[in-house]
Number of protein chains: 2
Amino acid sequence: MPNETEHDPHDDPAKALPAKADEGKLPPKAVVSRLSLYLRELLRIEHSGQQTVSSSQLGKLLGFTDAQVRKDLAYFGQFGHPGVGYRCEELVAAIRKILGTDREWVVAIVGVGNLGRALLGYKGFRSQGFRVAAAFDSDSSKVGMSFGGVAVEPTTALETTIRDRGVTLGLIATSPESAQEIADRMIAAGVVGILNFAPVTLSLPPGVSLVGVDLATELEQLSFAVANTQAAAAREDSAEDPLTSGPE
Amino acid sequence: MPNETEHDPHDDPAKALPAKADEGKLPPKAVVSRLSLYLRELLRIEHSGQQTVSSSQLGKLLGFTDAQVRKDLAYFGQFGHPGVGYRCEELVAAIRKILGTDREWVVAIVGVGNLGRALLGYKGFRSQGFRVAAAFDSDSSKVGMSFGGVAVEPTTALETTIRDRGVTLGLIATSPESAQEIADRMIAAGVVGILNFAPVTLSLPPGVSLVGVDLATELEQLSFAVANTQAAAAREDSAEDPLTSGPE
DNA sequence: GCGTGTGAAGTTATTCACAGCG
DNA sequence: CGCTGTGAATAACTTCACACGC
């Protein structure tokens, strides 16, 4: 509580980074995943003409408590206005700055199968600060084709193109067999973050960030959730259940 | 994730006696997401001919500690063999049972754009117990086409087809504008779980499970991770830190 | 009044450390 | 021995509750 070394009632959000958060504190992982959701919801709210939003409204929209929303945001600085709430435009800018999407990221996609084409055509990337600047595939019949305005190049051109265009993030939509090799090559060419869709665990050198999305895994999570809620619902009413399929 | 399996605020009266049966305990949320990764890795290990695996090996492969692996697995029962480790085949079967993928789930995909086609062609689903039995699109030019062996039907047929084929899980790959309506209709037709790829927050009735995947959100997580590790690297240039950001 | 920011309390998840078994 | 399962200790996260500014 005694953090009034700098008691500045004036905050100019459009320029300075909120230096309020302790320098030594590391970023709580769970918070960041919600930040993206806040941002998505804020853009929708803003688009609907609403100028300001309260933590409880934002929370209700996403299924979180109001306290959660405030804690999450307060972790990075003071963005709210007591009695008013959060000004959408201001908060959008603040979250973008935190997430690092206030600048443009140049990304490359490797693997132009079904999934790769889906990524190439995904409009949500551009609007959030990600520009797809290159696509690669080892299948020569795909080379030269264009998807979403991006021409497919042979994988042999990976290194030079990544360097030439200043690609910093790589999306891997290849087969699991080639994913690790592609990751290694992209990193060697200067990529510092990888979004991996191949269903395999990649091992990367320190300093390179990794986010993995496995479609089968997501469905398994859903399977578990469904099986579990149904089991809970069945348990709800029956004190004795003679026909329960033996778990063992 | 806004909505997962919500837990009934019911007090558990019996807690003193060690209920040996694994059924009856609360669902630990974070554990389940790792279960899928264990499964994926186990299948690879098994495929390579290895019969047994230790918690430390499995952990090292995925970037977890050995204790984490053991705790996760022990939560659902006793699958290990002291001095030996875990027998792959045995553990695979056990995890499948926990996740609910030991039976077949019938799934439908709505929205046959780039992403929907990618999902239709994804081979990883079938091998993990998910059978894509139907696909819908409101674009009449796509109706009648076939992707991955599944014929595209008009969205008007959604209710009858879902009922006829016993679809229980729905994948939404539509525009964000129609996602909520599609979800409502699928649920009314009997779907009990939804995997949502549309970048919008869905509100679902209790009893229906939801998993959401937002591609832009995933990239934002990566952006944050990269910006953060770079900032950390710049801050501490001279300090030697062997435990930098772990994999995944 | 409304609505934020934040310590304190409460809850959940992870790591430690070691008993026990093949 | 090696390796699991698990209580105890630790850390991370979430909710509560309330002071304070608008």
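Nothing here was measured: the structure is a model prediction, and the numbers come from that model. Note that these values count all heavy atoms, side chains included, but never hydrogens, waters or copies made by symmetry. Each chain gets a letter, A, B and so on, in the order its sequence line appears, and its residues count up from 1.
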J.: State whether the side chain of A/Q221 and the backbone N or O of B/V32 hold a donor-acceptor pair below 3.5 Å, judged by distance alone.
T.: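 Judged by distance alone, yes, a pair lies under 3.5 Å.
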J.: Give the rounded distance in Å between these two atoms: CG of B/L62 and C1' of C/dT14.
T.: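 Distance check: B/L62 CG to C/dT14 C1' gives 16 Å.
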J.: Find out whether A/I172 and A/L202 are in side-chain contact, i.e. whether some heavy atom of one side chain is under 4.5 Å from a heavy atom of the other.
T.: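 Side-chain contact under 4.5 Å: yes.
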J.: Which whole-number value in Å describes the distance from A/R87 CZ to C/dT4 P?
T.: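 Distance check: A/R87 CZ to C/dT4 P gives 12 Å.
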J.: Are the side chains of B/V192 and A/V226 in contact, using a 4.5 Å heavy-atom criterion?
T.: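 Heavy-atom side-chain distance check passes, below 4.5 Å.
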J.: Under the side chain to side chain contact (heavy atoms under 4.5 Å, CB included) rule, collect the residues that match up with A/D184, sequence neighbours excluded.
T.: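 A/Q180.
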J.: Using a 4.0 Å cut-off on protein heavy atoms (strictly under), produce a 5'-to-3' string for nucleotides 1-11 of chain D with B for base contact, S for backbone-only sugar-phosphate contact, and - for none.
T.: -BBBBBBB---
J.: Nearest whole angstrom, please: distance from the P of C/dT4 to the OH of A/Y38.
T.: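 Spelled out: OH on A/Y38 to P on C/dT4 is 12 Å.
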J.: Write down the distance between NZ (A/K29) and P (C/dT12), rounded to a whole number of angstrom.
T.: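 Taking NZ of A/K29 and P of C/dT12, I get 19 Å after rounding.
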J.: Can you sort out the partners of B/R131 under salt bridge (charged side-chain N to carboxylate O under 4.0 Å, His left out), two or more places apart, ordered by chain and number?
T.: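 Checked B/R131 against salt bridge (charged side-chain N to carboxylate O under 4.0 Å, His left out); matches are B/E104.
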J.: Quick one: sort the A/Y38 and A/F64 rings into parallel, tilted or perpendicular, breaks at 30° and 60°.
T.: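 Correct class here is perpendicular.
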J.: How long is the line joining CD of B/Q68 and C1' of C/dA17, in whole Å?
T.: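 To the nearest whole Å, that distance equals 16 Å.
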